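Accompanying notes for the structure given below.
Note that this is a predicted model, so its numbers are computed, not measured.
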Amino acid sequence: MYDNFAELFAIIKATEKLEKAYVRDVISPAEYEVECQKLIAHFKTLSSTLKDIVPSIERFHDTYKMDCPAAINRLVTSGVPATVEHRAAAATTHSTSAAIVAECVQNFITAMDSLKLNMVAVDQVHPLLSDLSASLNKLSILPHNFEGKTEMRDWIARLSKMGAADELTEQQARQLHFDLESSYNSFMAALPTAGT
């Protein structure tokens, strides 16, 4: 049990250091994203293993006086690297290209189809929504408060609070599918037409 506690402690501390390094521009965004994804994956695996012993990561954080607010935000609240969250700010000049639009459409359809195929485990749904969120953030033509972006952020945050092996209920799966379809329709309507 103490080995697992030590691992959890180390992951939280490492994430805090990584967040600070990224904010101070000591690490490149590409390196940050790869390392952050690893830490998030390790965290989700370990926290789902420890969910009976450590029901609240925040309480664990407070009990051991860790003082790692950035790590708690990244691991528990957000569940995705900052580069994914704020991709729009770092978008390239090619952000309106047909390839990115096609990627968004592909990610929408893949996520909706996976739900229709009853793929409702958190470790199946979370990566699909992360990919969708990342591709939406690449498009500078979409406003920051675009419905699809906010819906995906909300769902990713919700899934980040669940264990990797947990499954969405039928009601949650239907709501997610509805939100995806609604966001997809809004996305298609937001795209510029051939004449503009």
Side-chain angles (χ1 to χ4, degrees), residues 1 3-12 14-15 18 32-61 71-87 102-138 146-187:
M1 179 179 79
D3 284 345
N4 287 334
F5 280 12
E7 286 293 323
L8 183 59
F9 189 92
I11 289 169
I12 294 171
T15 303
L18 183 65
Y32 163 80
E33 190 168 331
V34 169
E35 295 305 318
C36 194
Q37 288 282 22
K38 283 184 201 172
L39 287 168
I40 290 169
H42 295 315
F43 172 77
K44 288 194 80 50
T45 302
L46 188 59
S47 63
S48 68
T49 303
L50 294 175
K51 70 180 173 188
D52 294 334
I53 302 167
V54 183
S56 168
I57 299 299
E58 291 89 346
R59 205 150 106 235
F60 178 87
H61 173 266
I72 294 301
N73 177 55
R74 187 66 46 227
L75 297 170
V76 178
T77 308
S78 171
V80 294
T83 50
V84 172
E85 261 185 352
H86 308 294
R87 183 92 64 209
E103 182 184 327
C104 290
V105 170
Q106 174 188 340
N107 288 328
F108 268 118
I109 292 170
T110 302
M112 288 187 286
D113 286 351
S114 71
L115 291 172
K116 287 179 183 174
L117 294 172
N118 204 29
M119 294 173 57
V120 292
V122 170
D123 62 350
Q124 294 170 320
V125 177
H126 190 279
L128 299 175
L129 296 185
S130 293
D131 290 347
L132 175 56
S133 181
S135 62
L136 288 172
N137 285 325
K138 288 180 191 177
F146 174 69
E147 173 191 354
K149 289 181 181 182
T150 56
E151 288 287 349
M152 292 313 103
R153 273 196 300 268
D154 292 347
W155 274 104
I156 289 169
R158 216 175 299 170
L159 294 174
S160 294
K161 293 176 184 170
M162 299 170 69
D166 291 346
E167 291 190 352
L168 297 175
T169 64
E170 184 181 343
Q171 182 181 1
Q172 288 172 320
R174 286 183 70 176
Q175 185 63 49
L176 176 54
H177 189 274
F178 176 80
D179 291 344
L180 283 166
E181 199 160 328
S182 172
S183 297
Y184 176 73
N185 291 334
S186 297
F187 170 75

[X] versus [Y], closest heavy-atom pair with distance:
X: Glu58; Y: Val76; answer: OE2-CG1, 3.3 Å
X: Ser135; Y: Cys104; answer: O-SG, 3.3 Å
X: Lys138; Y: Glu103; answer: NZ-OE2, 3.1 Å
X: Gly148; Y: Ser183; answer: CA-OG, 3.5 Å
X: Leu115; Y: Ala173; answer: CD1-O, 4.0 Å

Quick check: do [X] and [Y] have side-chain heavy atoms less than 4.5 Å from each other?
X: Asn107; Y: Leu136; answer: no
X: Ile57; Y: Leu75; answer: no
X: Leu18; Y: Arg74; answer: no
X: Asp123; Y: Thr45; answer: no
X: Thr15; Y: Phe43; answer: no
X: Ile156; Y: Ser130; answer: yes
X: Asp131; Y: Thr110; answer: no
X: Asp166; Y: Ser48; answer: no

Say you draw a straight line from [atom1] of [X] to [atom2] of [Y]; how long is it, rounded to the nearest 0.5 Å?
X: Phe60; Y: Ile12; atom1: CZ; atom2: CD1; value: 5.5 Å
X: Ser56; Y: Lys161; atom1: OG; atom2: NZ; value: 11.0 Å
X: Arg158; Y: His126; atom1: CZ; atom2: NE2; value: 12.5 Å
X: Asn118; Y: Gln124; atom1: CG; atom2: CD; value: 8.5 Å
X: Thr49; Y: Glu7; atom1: OG1; atom2: CD; value: 11.0 Å
X: Leu159; Y: Leu176; atom1: CG; atom2: CG; value: 7.5 Å

Does Tyr32 use its side chain to pair, donor to acceptor, with the backbone of Pro81 at less than 3.5 Å?
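A pair under 3.5 Å: no.
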Please determine whether side chain to side chain contact (heavy atoms under 4.5 Å, CB included) holds for the pair Met152 and Leu180, giving the CA-CA distance in whole Å, both sets of side-chain angles, and the decisive distance to 0.1 Å.
CA-CA 8 Å; Met152 292 313 103; Leu180 283 166; 3.7 Å; yes
Does the side chain to side chain contact (heavy atoms under 4.5 Å, CB included) test come out yes or no for Trp155 and Val125, once each step is laid out?
CA-CA 10 Å; Trp155 274 104; Val125 177; over 6 Å; no
So Tyr184 and Phe108, would you call those rings parallel, tilted or perpendicular, with 30° and 60° as cut-offs?
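Perpendicular, since the angle between the ring planes exceeds 60°.
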Under the side chain to side chain donor-acceptor pair (under 3.5 Å) rule, what pairs show up with a residue in residues 167-176, not counting sequence neighbours?
Thr169-Gln172, Gln175-Asp179
Are Asn4 and Val54 close enough, and set up right, to give a side chain to side chain contact (heavy atoms under 4.5 Å, CB included), and what steps lead you there?
CA-CA 10 Å; Asn4 287 334; Val54 183; over 6 Å; no
Residues Ser186, Glu147; criterion side-chain hydrogen bond (donor to acceptor under 3.5 Å, both in side chains); working and verdict
CA-CA 7 Å; Ser186 297; Glu147 173 191 354; 2.6 Å; yes
